[in-house]
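This report concerns only the one structure given below.
Note that this is a predicted model, so its numbers are computed, not measured. Letters A, B, ... are given to chains in the order of the sequence lines, protein chains preceding strands, and every chain is numbered from 1.
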Amino acid sequence: MNFIEELRWRGMLQDIMPGTEDELNKGIVSGYIGFDPTADSLHVGHLTQIMTLIHFQRAGHKPFALVGGATGMVGDPSGKSAERNLLSEDVLKHNVACIESQLKKFLDFECGANSAEMVNNFDWFKNYNFLDFIRDVGKHITVNYMMSKDSVKKRLEGETGMSFTEFSYQLVQGYDFYWLWKNKGCMVQMGGSDQWGNIVTGTELIRRKEGGSAFAVTTKLIKKADGTKFGKTEGGAVWLDAKRTSPYKFYQFWLNTSDSDAKEWIRVFSLKTKAELEAIEAKHEEAPHQRALQRALAEEITARTHSEEALQKAISTSEFLFSTGSVDFLEQLTDDEILEVFEGVQRFAVSKDELQQGINVTDLLAEKTKVFPSKGEARKMIQGGGVSVNRNKVSDPNGLVTADQLVKGEYLIAQKGKKNYFLLIAG
RNA sequence: GGGGAGAUUCCAGAGCGGUUAAAUGGGACGGACUGUAAAUCCGUUGCUUCGGCUUCGAAGGUUCGAAUCCUUCUCUCCCCA
C-alpha cells in the first residue's frame, strides 16, 4: 500500500497537490514536516505529524524532521488571532535540542537509504542576511500573493493587526522548502491542514525561482466529537515529555477517549493494519464496556512514546487506582514502588506524632494539608460523600484519623471524589 | 473637547433601604447511574472555633439598618466632535 492510500484509509488525508501521488510512486522520495520549537517538549497535538512521518518512512520514503530554530524566531501567524511573543535565542536552542531528542524515538535514523534525517533551519538562516534574502527570495513572491493567505487575511480583518515579522513568516518557511528541495532533494512537504498556505508558498517559490516542481500533502486536524480542543485536559496540554505528563497520565488520557473519537483516532495513531483495527472495532461493538478500542489505542501510543516498561507501570497503576481493591495491595509494595504508583499525585507531609494522638479528618485535609482550601469545603465534601481515606468513605467530618491507619506505618491515601488522589506521608 | 452608560460572589447577569451571603444561567467540584464514556438526575460552589465574621470597583457620609441613598476618587464602555 502506498503512502497516500495509507493516509486515505486512515482518514488522515486533507489536501494533496495534483501529481503528488505519481511522484511518490517513482521510488524513494524525500519529504519533510516542520515542528515549531515553542516549548521544550512536543505534545499530543504533534503526534499526528509524527505519525505522518512514520507512515512516510514505512512506505519506503525518506523523512526529514525539521525543527524550526529560525522559523521559531519569527512566529507562525496561522491559527493565531494575536501577535505572538518572541522567544529568546537561548530558549529556542534548548527547545530545539529537546524536541530533536523526542523525535528520534519515533523514526528510524539508521535504516539505509530511507533513514530519517533531522534538520534545523537555523543552520541555513543564521548567516543569511536581510538584504540578500529580500533580493533572492522576496523578489519572487508578490505581496498580493502573500496577503491572499487565510492566515494573513484573518489578521488583517481583525483588530489586532499583524507585524511585518509575522507577515514574512510564510516566506521564511517557503524558503525552508526551497532549501531542502535544492540541497536535500526534498520533493514533498507535509503538515497539518493549517499549514497548506505556508507549504504552497514554498512550492510556488521553487517554481518561480528555479522552475522546479515540488509537492504538498496536508493532514486533517484531529477533532473531538464534543467540539472541545484535542489534546487538552484540565491540567493543560498532554505532553510527550514524561517530566511534564507522566506516562500514567498520558495512558489515562488515551484510555479516556470517547467511543466515537477512539474509533477515528486509533486509525490515526496506531500502526495496526486495517484488518487488525476492524477486529478490534468488532470486539468493541460486542462489549463496549470493555473498551477494547481505548485500551488498544492507549497501549500502543504509550509504548511508542515512552516505553513498554512505562506502559506496564501505567497499566498496573491504573488497575490499582480504579479497582475497588483495598489498600492492602500497597502493603506488599516497597516504598519506592508506592511512590511510583502515586507518581504525579500531590503529596503532603504530616506529623506522625500528631497522628498518634489522632487528628480530626477535617483538620487533616484542610489545615495540616492542602487537600481542601478551607475547612468548610472539606466538611461539605465529606457530608456530600466525596471523601475517602485509605479507600474508605469518610462519613463523619469530625472523625479521627490515627496512626494505626497508616499503610506500612507511613502512608495515608486521601481521595477527593474518585479520581483525585493525595498521598500523605507521615514522618 | 461634549454627552451618556456602567463597575455585583469563577463568568454572564438579577437585585435598587431591612425578609439578601445576595435570584437565575453557565462553569467548576462532588454524588447516583455507568464502561475511569456520553446523556441524565441530585448536591455543593465567601470564611468559620457553627456563636458568628468579612463580601457587592475604592474611600468617606446619611440611616436603628446600605450591594441598594449622597459625596469624592479610580477604571471600563458607548455616542457626538
Check whether the side chains of [X] and [Y] place a donor and an acceptor atom closer than 3.5 Å, and report yes or no.
| X | Y | value |
| --- | --- | --- |
| A/Thr402 | A/Gln356 | no |
| A/Ser115 | A/Glu110 | no |
| A/Asp353 | A/Ser351 | no |
| A/Gln173 | A/Gln195 | yes |
| A/Asp176 | A/Asn121 | yes |
| A/Gln170 | A/Thr201 | yes |

On a whole-Å scale, what distance lies between the [atom1] atoms belonging to [N] and [M]?
| N | M | atom1 | answer |
| --- | --- | --- | --- |
| B/A28 | B/C11 | P | 15 Å |
| B/G51 | B/G15 | P | 34 Å |
| B/A66 | B/G17 | C1' | 6 Å |
| B/C29 | B/U63 | P | 49 Å |
| B/A38 | B/G46 | C1' | 34 Å |
| B/A67 | B/U62 | P | 16 Å |
| B/C79 | B/U44 | C1' | 44 Å |
| B/U54 | B/G13 | P | 30 Å |

- request: Nearest whole angstrom, please: distance from the P of B/G30 to the CG of A/Leu365.
  value: 14 Å
- prompt: What one-letter contact string describes nucleotides 49-55 of chain B from 5' to 3', where B marks a base within less than 4.0 Å of any protein heavy atom, S marks contact via sugar-phosphate atoms alone, and - marks no contact?
  reply: SB-----
- request: Report, as a single string ordered 5' to 3', how protein heavy atoms within less than 4.0 Å touch nucleotides 34-41 of chain B: B base, S sugar-phosphate only, - not at all.
  value: BBBS----
For [N], give its Watson-Crick or G-U wobble partner with both distances under 3.5 Å, or none.
| N | value |
| --- | --- |
| B/U74 | B/A7 |
| B/G1 | B/C80 |
| B/U63 | none |
| B/A28 | B/U44 |
| B/U54 | none |

query: Quick one: on RNA chain B, does A/Met381 or A/Pro373 contact a more 5' nucleotide (nearest heavy atom)?
result: A/Met381
- prompt: side chain to side chain donor-acceptor pair (under 3.5 Å) with A/Glu276: which residues, sequence neighbours excluded?
  reply: A/Thr273
task: Enter syn or anti for the glycosidic conformation of B/G43, syn applying to angles within 90° of 0.
output: anti
query: Is a side-chain N or O of A/Asp261 found less than 3.5 angstrom from the main chain of A/Thr257, in a donor-acceptor match?
result: no
- request: Tell me whether the OP1 or OP2 atom of B/G46 has a side-chain N or O from A/Ser374 closer than 4.0 Å.
  value: no
- prompt: Has A/Lys380 got a side-chain N or O lying under 4.0 Å from the OP1 or OP2 atom of B/U45?
  reply: yes
query: Going through the distances and angles, do A/Phe342 and A/Phe422 end up as a side chain to side chain contact (heavy atoms under 4.5 Å, CB included)?
result: CA-CA 8 Å; A/Phe342 290 100; A/Phe422 299 87; over 6 Å; no
field: A/Leu293: which of A/Lys283, A/His284, A/Glu285 passes side chain to side chain contact (heavy atoms under 4.5 Å, CB included)
entry: A/His284
